[in-house]
Amino acid sequence: MEPIEIAQGVYDVGVTDWNVRDFHGYSTDLGTTYNAYLIIDEKITLIDTVREGFAGQLLENISRIIDPKSIDYVISNHSEMDHSGGLARVMHRIGADKPIYCSKMGHKNLPKHFTPGWNFHPVATDQELSLGNRTLTFLETRMIHWPDSMFTYLNENQILFSSDGFGQHYAGPEKFDDQIDDATVMYHAKKYFANILLLYSAHIQKLLQKVLDLGLDFKMICPDHGIIWRKDPKKIMDAYVKWCRQKPHKKAVVVYDTMWHSTEKMAEAIVAGIAKEGVPAKPLHLRKWHRSEVMTEVFDAKAIVVGSPTLNNQLFPSLADFLTYMKGLKPLNKIGAAFGSYGWSGEAVKLINQELEAMKFEVIDPGLRIQYVPDKAALEVCYEFGRKIGKAV
Ligand code: FEO
């Protein structure tokens, strides 16, 4: 991707990773972008870098505008390697003595990724940095997404460089929110929030309030992944405020795996029962749906119904994977129930219930077990189980 001038003297010099399909366990079916920004002022400033393997493309993009050696300042909003991986090569090219501005936690974390010795300048919230004609203000935003994360605000242009905040793992021909349909960009923003930031919701809610209390206007919000928000930056801010509250919709998801289609038949009968009560519900087979897509569905659902066959006295492995993943993301305000087909010992339902309780879900039924293949009568029991869940949503 060629650099794009997003405002006068401000360029996106980042790169598109068209082929990444697994981003530490998150499905990136369309790829993603590592956005980085160059501000041309009396002091030329680079905000963030890119994943290590793309550092050459980043430097090429910068070279189309200026000689990289003329960069005066580097801002590192976040030490995770999709944004800092290119730092070593950039510093080697521009001069290892150039100042790097980062949060206090960034100052602790970056040297643990790279050979120490760079010219770090830790900054705090409200601290400013003059670029000559324009000024940057720093805002520490711990846990959006790591303890070192911060936002950088370009005062005169009212542009917020928000690092992981408000990002989406989306790669396409579009760069701005006015070039893509709302449903697509909001889906990817929601998926990103549900799979990366959800566990920090309460903290993010407070941080966003602090940012809003500063009374700043935002003409543009520039995340480090995906589409830039310029048509209506408030829209994504408002969405984050809403998402942080985790108020579920009247909706159920039935997440399951199956060995010989018995748990699958149960899942579909349960979905039909839930739907009978006027609650939208979907069966999500864990070997057809990626865990990060399932989590996006779980995010705004009230009822999470989990089904597993018993395999060697345990949960089916895909369920163990998913329950571990969901537990780490700490979804709130859910009701839950378990089901599954079994042959002889049938521990899976008990094990699922233990996990749901550990997640503080309200478990609304002891769970439903059917031995071997559900017949018509057993499927009627599943249907009624679904109706009970539907009534509770
Ligand atoms: Fe895009 Fe937390 O890194």
Side-chain angles (χ1 to χ4, degrees), residues 1 12-37 46-55 57-58 74-90 100-114 138-152 160-172 175 185 188-201 203-204 207-208 211 221-229 236 240 243-244 292 295-296 325 328-330:
M1 190 180 74
D12 179 2
V13 287
V15 303
T16 302
D17 186 349
W18 295 104
N19 292 327
V20 64
R21 290 293 178 267
D22 182 319
F23 196 99
H24 56 50
Y26 180 121
S27 66
T28 45
D29 294 341
L30 299 171
T32 191
T33 71
Y34 313 114
N35 302 342
Y37 301 95
L46 176 66
I47 300 181
D48 290 324
T49 71
V50 296
R51 200 168 182 147
E52 186 180 14
F54 295 85
Q57 280 185 44
L58 169 69
V74 175
I75 314 293
S76 174
N77 275 334
H78 183 18
S79 70
E80 192 166 6
M81 286 177 278
D82 47 332
H83 311 295
S84 68
L87 203 49
R89 196 154 160 202
V90 165
I100 301 174
Y101 294 86
C102 58
S103 69
K104 291 189 282 295
M105 287 304 291
H107 186 211
K108 282 188 183 168
N109 292 349
L110 283 165
K112 291 173 182 156
H113 289 76
F114 303 99
F138 302 107
L139 306 163
E140 289 167 282
T141 54
R142 281 186 184 206
M143 310 324 293
I144 314 181
H145 150 232
W146 278 8
D148 51 71
S149 295
M150 68 175 191
F151 290 173
T152 298
L160 184 70
F161 300 98
S162 59
S163 184
D164 278 341
F166 315 116
Q168 331 93 49
H169 281 311
Y170 175 82
K175 182 43 60 185
V185 69
H188 288 286
K190 186 170 87 165
K191 180 177 176 185
Y192 189 96
F193 185 91
N195 285 277
I196 294 179
L197 299 175
L198 183 61
L199 70 164
Y200 307 121
S201 288
H203 181 71
I204 293 172
L207 264 178
L208 286 183
V211 171
I221 295 179
C222 299
D224 276 359
H225 297 291
I227 297 290
I228 291 172
W229 306 92
I236 187 64
Y240 264 52
W243 292 339
C244 284
S292 54
M295 197 58 218
T296 311
Y325 185 70
L329 288 163
K330 295 187 169 68

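Every number for a ligand or one of its atoms is a count from 1 in the order of the listing. Worth knowing before you read on, the calculation uses all heavy atoms, side chains too, and leaves out hydrogens, waters and symmetry mates.
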With no hydrogens and no angle check, just 3.5 Å: does a side-chain donor-acceptor pair link Tyr192 and Asp164?
yes
Check whether the side chains of Asp148 and Ser79 place a donor and an acceptor atom closer than 3.5 Å, and report yes or no.
yes
Contacts of atom 2 (Fe) of ligand 1 with protein N/O/S atoms, counting only those under 2.8 Å
His78 NE2, Glu80 OE1, His145 ND1, Asp164 OD2
Glu80: which residues meet the salt bridge (Lys or Arg N to Asp or Glu O under 4.0 Å) condition with it, sequence neighbours left out?
none
With sequence neighbours excluded, residues passing ring pair (Phe, Tyr, Trp, His ring centres under 6.0 Å) with His188
Tyr170
Those residues that, when tested against Ser163, pass side chain to side chain contact (heavy atoms under 4.5 Å, CB included) (two or more places apart)
Asn77, His78, Asp224
If only atom types and distance count, is the side chain of Thr28 paired as donor or acceptor with the main-chain N or O of Val20 below 3.5 Å?
yes
